[in-house]
S.K.: 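I have a structure here, written as structure tokens, and I will follow up with some questions on it.
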Number of protein chains: 2
Amino acid sequence: MISEPQRKNVDQRSQRKQREYEARREEILLAAERMFSQNGFFKTSMAEIAESAQFAMGTVYRFFKSKEEIYISLVEAKVEELLNLLREATKIGPTAPEKLREVIRVKLAFADQNRDFFRIYVSEWSGFEWTVKSAFGDRVWKKYLAQIDLVADLIQAGIKSKEFRKVNPKDTSLALNGMLNSTIYVWILQAGPKESLISKGEWLGALFLDGIGSGTTKT
Amino acid sequence: MISEPQRKNVDQRSQRKQREYEARREEILLAAERMFSQNGFFKTSMAEIAESAQFAMGTVYRFFKSKEEIYISLVEAKVEELLNLLREATKIGPTAPEKLREVIRVKLAFADQNRDFFRIYVSEWSGFEWTVKSAFGDRVWKKYLAQIDLVADLIQAGIKSKEFRKVNPKDTSLALNGMLNSTIYVWILQAGPKESLISKGEWLGALFLDGIGSGTTKT
DNA sequence: AACAAGATAGAATAGCTATTCATTTATCAT
DNA sequence: ATGATAAATGAATAGCTATTCTATCTTGTT
């Protein structure tokens, strides 16, 4: 028989163990993020990840059952994080255009703070190609589409309230996403943090809302 | 001594040889395009390329000195082709907006006709990451930037003529490019050729010129 | 202190693949 | 037809790397 105080101790201990387990796992993910963003998925070896995380290879395999699982975990966590941030963003601001600007700001800010990750995310779509079919990859893909849909809904609402003109919401959301990604990607490639990424948000919003036309040449 | 008629024969023979060489080389590139677009660079083996081209592996190496060279040759040829098409496009149409619409049409048409290739091009930016540093990859990267610059110049001209409002031409060109790429990419992923890609050109042009705003909410 | 039970290590395995090379086959001028 | 040159072949090489496995070490309990 175990006395009550003892059981409590045991519980706390195992809680700590759990926390430590998570912490180690996180370490590995961080190391993997560093390596993947530097060399891409295929040119990063488990040996490198293990070394970068300061674990032996065998240990890494106690946390993840394959290299692919590390990769997908990494991507999934980030995509989910961004999705949640975007959900919040669509709640801020009174008007649809304002919400849209907030979405742009949030995505750029996220890219700014997750530079390494974005190097994978934007540039390694290829990764998805071979992965979309796997169960894990499917989850990531769905979350990506959820991001698109979220903004599509926002656009849809804006159309109803006559704040936006009639467009196909999904196609438009996709186009916005492409605009942002290409901007982010080139910003990332110019290693030197010359210009703030976030500062481009305002004009990207303006571009998307008003186009580049001077207003006199509507054809 | 070789008589004149004989020399002529020799010349013609070697011409034919040259043509046949080119034809074989082309065969290999086509096979590589098929395989790369199906499985990406890393998951495509030389054995597969050789088999798909109906050559032995050793033979493939008579035409290309490495797998990477095949890949880069492929990408470079296509990027150059697109660049030339875009150059032509910027000459068509009287006004800047019209030229811009032509650029959009041309790029979408090119994607439509080079579906397999675009699957590599858009999705495998990762490829560039490891390759940009090599001499070959550098050439590809420069041609990519030349495409961006070409459209940036067009935008610049439109600003001067007051057809466009004042924007940063390069950033704007980049944004347009992203819009197109994301549209193309998703179109490619939906295997079934449900909707014509080219048909999206008109509204993409409209979106880019006029934005999605209803015109009443300029902030 | 001693003993499980769990965690870590990293060497060994197994399998794959880019590239080379010795051989065979085709081409072609004589 | 023949010898020489060029082209094509595909088995062998060499090297890499994801994953496994057993021995070693840590931790926590009695």
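Just the heavy atoms: all of them, side chains too, but no hydrogens, waters or symmetry mates, feed the values below. By convention in this document, chain letters (A, B, ...) are assigned in the order of the sequence lines, proteins followed by strands, and residues within each chain are numbered from 1.
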S.K.: A:Asn168 side chain to A:Asp171 main-chain N or O, any donor-acceptor pair under 3.5 Å?
M.R.: yes
S.K.: Nearest whole angstrom, please: distance from the C1' of C:dA9 to the CD of A:Gln54.
M.R.: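 In whole Å, C:dA9 C1' lies 14 Å from A:Gln54 CD.
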S.K.: Is the backbone N or O of B:Ile148 less than 3.5 Å from a side-chain atom of B:Ser173, with the two atoms forming a donor-acceptor pair by type?
M.R.: yes
S.K.: Going 5' to 3' along nucleotides 11-26 of chain D, which nucleotides have protein heavy atoms under 4.0 Å from the base (write B), which only from the sugar-phosphate (write S), and which from neither (write -)?
M.R.: -------SBB------
S.K.: Distances under 3.5 Å between protein N/O atoms and the N/O atoms of nucleotides 2-8 of chain D, please, pair by pair.
M.R.:
| from | atom 1 | to | atom 2 | distance (Å) |
| --- | --- | --- | --- | --- |
| D:dA7 | OP2 | B:Arg62 | NH2 | 2.9 |
| D:dA8 | OP1 | B:Arg24 | NH1 | 2.4 |

S.K.: Okay, side chain of A:Thr44, backbone of A:Met35: is any donor-acceptor separation there less than 3.5 Å?
M.R.: yes
S.K.: Is the closest side-chain heavy-atom distance between A:Leu100 and B:Ile212 below 4.5 Å?
M.R.: yes
S.K.: Just by distance, do the side chain of A:Glu48 and the backbone of A:Ser45 share a donor-acceptor pair under 3.5 Å?
M.R.: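 Side chain of A:Glu48 to backbone of A:Ser45, a donor-acceptor pair under 3.5 Å: yes, one is there.
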S.K.: Within the side chain of B:Arg34, is there an N or O that forms a donor-acceptor pair under 3.5 Å with the backbone of B:Ser52?
M.R.: yes
S.K.: Using the test ring pair (Phe, Tyr, Trp, His ring centres under 6.0 Å), find all partners of B:Tyr61 that sit at least two apart in sequence or belong to another chain.
M.R.: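 B:Tyr61 satisfies ring pair (Phe, Tyr, Trp, His ring centres under 6.0 Å) with no residue once adjacent residues are dropped.
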S.K.: Taking the side chain as everything from C-beta on, heavy atoms only, tell me whether B:Glu22 gets closer than 4.5 Å to B:Gln18.
M.R.: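 Of all side-chain heavy-atom pairs linking B:Gln18 with B:Glu22, at least one is under 4.5 Å.
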